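A short write-up of the structure that comes next.
Hydrogens, waters and symmetry mates are skipped; everything else that's a heavy atom, side chains included, is used. Since the model is a prediction, treat every value here as computed from it, not as a measurement. Below, chain A is the first sequence line, B the second, and so on; all start at residue 1.
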Protein chains: 2
Amino acid sequence: MDASQRVRPVVDRLGYLLKHARERLAVLSTGALAPFGITGRDLAVLAVLAQGDPPSQLEAAQRLSIDRTTMVGLLDGLEAKGLLERRADSADRRRNIVALTESGTRTLVDASAAAETAERAFLAPLSAADAERLRALLQAVVAAEDESRG
Amino acid sequence: MDASQRVRPVVDRLGYLLKHARERLAVLSTGALAPFGITGRDLAVLAVLAQGDPPSQLEAAQRLSIDRTTMVGLLDGLEAKGLLERRADSADRRRNIVALTESGTRTLVDASAAAETAERAFLAPLSAADAERLRALLQAVVAAEDESRG
DNA sequence: TATTGTTATACTCTATAACTATA
DNA sequence: TATAGTTATAGAGTATAACAATA
């Protein structure tokens with residue numbers, strides 16, 4: 001049995017490609033965000049807090065599809081940096097409403113611009129049209145995930 | 001400052017898209033490989049062992065861009081399942097040559113077919129042409145990583 | 001001196017269970 | 001009873017340091 005004739009080379013498998021693509025983007029993003037003292041995950045948290053009304057901790061976690069226990073630590077770090085505030089929800093005192101501070105909003109805007117620059121560097125091997133195609137194709141497969149989850 | 005007008009929504013960022021795309025593929029692959037008693041990482045190891053001459057542990061690790069200390073544990077598990085053999089290299093006795101057993105080759109071929117089925121399910125939201133485009137675009141950005149690393 | 005395989009260790013990310021305070 | 005936030009804990013996955021055997 002000649003396996004090498006029957007199996008797709010590792011480097012052509014989607015699992016390998018997605019893993020290494022993400023690693024490369026992570027290297028670029030980490031460097032771009034270092035001056036702001038935050039990570040890519042931190043930036044994602046800041047971004048969801050700015051979308052629509054300030055959410056509760058649980059809502060923020062759901063928008064990112066991460067666990068609420070994970071969110072606690074992320075918010076702890078960002079609150080200690082003065083980028084957000086937790087406020088008790090007067091309508092339901094079990095909840096914390098999480099809102100960006102002025103410093104947090106400024107950091108979000110500036111760090112997002114840096115992250116976009118990192119994305120452009122990541123996409124540099126592609127034409128502008130192909131770069132948008134890649135994003136659209138990934139959105140299509142990820143959107144399918146969200147639908148199947150309900 | 002209205003951040004929501006200036007920053008790209010989280011779900012449109014490449015970091016988010018790559019993370020969730022990979023997670024969805026991982027769920028599908030894990031299910032497809034479960035009957036074979038191996039993980040996606042195990043399958044990747046089996047596949048590199050079948051490409052070209054059987055490599056040393058270090059060469060196998062380098063082909064996958066993983067650490068040689070990580071490779072030890074992966075090989076331990078696969079060897080215990082009888083899927084590969086470590087043989088001392090007579091030309092350099094520091095090295096172990098790692099080769100698939102007959103059972104390992106059979107598992108590689110069958111599990112690869114199952115993994116391909118999982119990939120097709122992952123790509124189901126896309127047309128066949130878009131599916132190949134996605135793979136090609138990912139290959140392009142990952143290839144750029146390999147070049148820059150030398 | 002340098003390299004290969006190995007072990008021990010630690011660090012990150014994540015998930016689960018259990019606690020508290022509120023509803 | 002159920003939910004939101006929290007804490008403790010544990011499990012992956014990965015990386016670093018140090019060691020033995022060999023080059």
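In this structure, the CG atom of B:Leu74 is 14 Å from the P atom of C:dT7, given to the nearest Å.
Electrostatic pairing of B:Glu116 and A:Arg8 counts as a salt bridge here, judged by a charged N lying under 4.0 Å from a carboxylate O. Classification of A:Asp110 and B:Arg6 as a salt-bridged pair fails, no side-chain N sitting under 4.0 Å from a carboxylate O.
With A:Thr70 contributing its side chain and A:Ile66 its backbone, the two residues share no donor-acceptor pair below 3.5 Å. Checking side-chain atoms of A:Thr101 against main-chain N and O of A:Leu83 turns up a donor-acceptor pair under 3.5 Å. With B:Arg135 contributing its side chain and A:Asp12 its backbone, the two residues share a donor-acceptor pair below 3.5 Å. Although no hydrogens or angles enter the test, the distance criterion places no donor-acceptor pair under 3.5 Å between the side chain of B:Arg68 and the main chain of B:Gln57.
Comparing B:Thr70 and B:Ser90 by the nucleotide of DNA chain D whose heavy atom lies nearest to each, the residue mapping closer to the 5' end is B:Thr70. Residue-to-nucleotide proximity on DNA chain C shows that, of A:Arg22 and A:Arg93, the 5′-proximal contact is made by A:Arg22.
Counting only residues at least two apart or in different chains, salt bridge (Lys or Arg N to Asp or Glu O under 4.0 Å) contacts with residues 52-67 of chain A comprise A:Glu59-A:Arg95.
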Could I get a table of every N or O pair under 3.5 Å where one atom is in the protein and the other is in nucleotides 3-5 of chain C?
| residue | atom | partner | partner atom | Å |
| --- | --- | --- | --- | --- |
| C:dT3 | O4' | B:Arg94 | NH1 | 3.2 |
| C:dT3 | O2 | B:Arg94 | NH1 | 3.2 |
| C:dG5 | OP1 | B:Gln57 | N | 3.1 |
| C:dG5 | OP1 | B:Asn96 | N | 3.0 |
| C:dG5 | OP1 | B:Asn96 | O | 3.4 |
| C:dG5 | OP2 | B:Leu58 | N | 2.8 |
| C:dG5 | O3' | B:Asn96 | ND2 | 3.4 |
| C:dG5 | N7 | B:Arg68 | NH1 | 2.4 |
| C:dG5 | O6 | B:Arg68 | NH1 | 3.4 |

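Chain A approaches DNA chain D within less than 4.0 angstrom (heavy atoms of the protein), and the contacting nucleotides run 5' to 3' from D:dA2 to D:dT14.
Looking at B:Thr69, its side chain has no donor and acceptor atom pair within 3.5 Å of the base of C:dT7.
A heavy atom lying under 4.0 Å from DNA chain C marks none of the residues of residues 28-48 of chain B.
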Per-pair distances, 0.1 Å, donor-acceptor, side chain in residues 44-51 of chain B, under 3.5 Å, sequence neighbours excluded:
| residue | atom | partner | partner atom | Å |
| --- | --- | --- | --- | --- |
| B:Gln51 | OE1 | A:Val10 | N | 3.2 |

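In this structure B:Thr117 satisfies the side chain to side chain contact (heavy atoms under 4.5 Å, CB included) test together with B:Arg120, sequence neighbours excluded.
Considering only heavy atoms from C-beta on, A:Val7 comes within 4.5 Å of A:Arg13 through its side chain.
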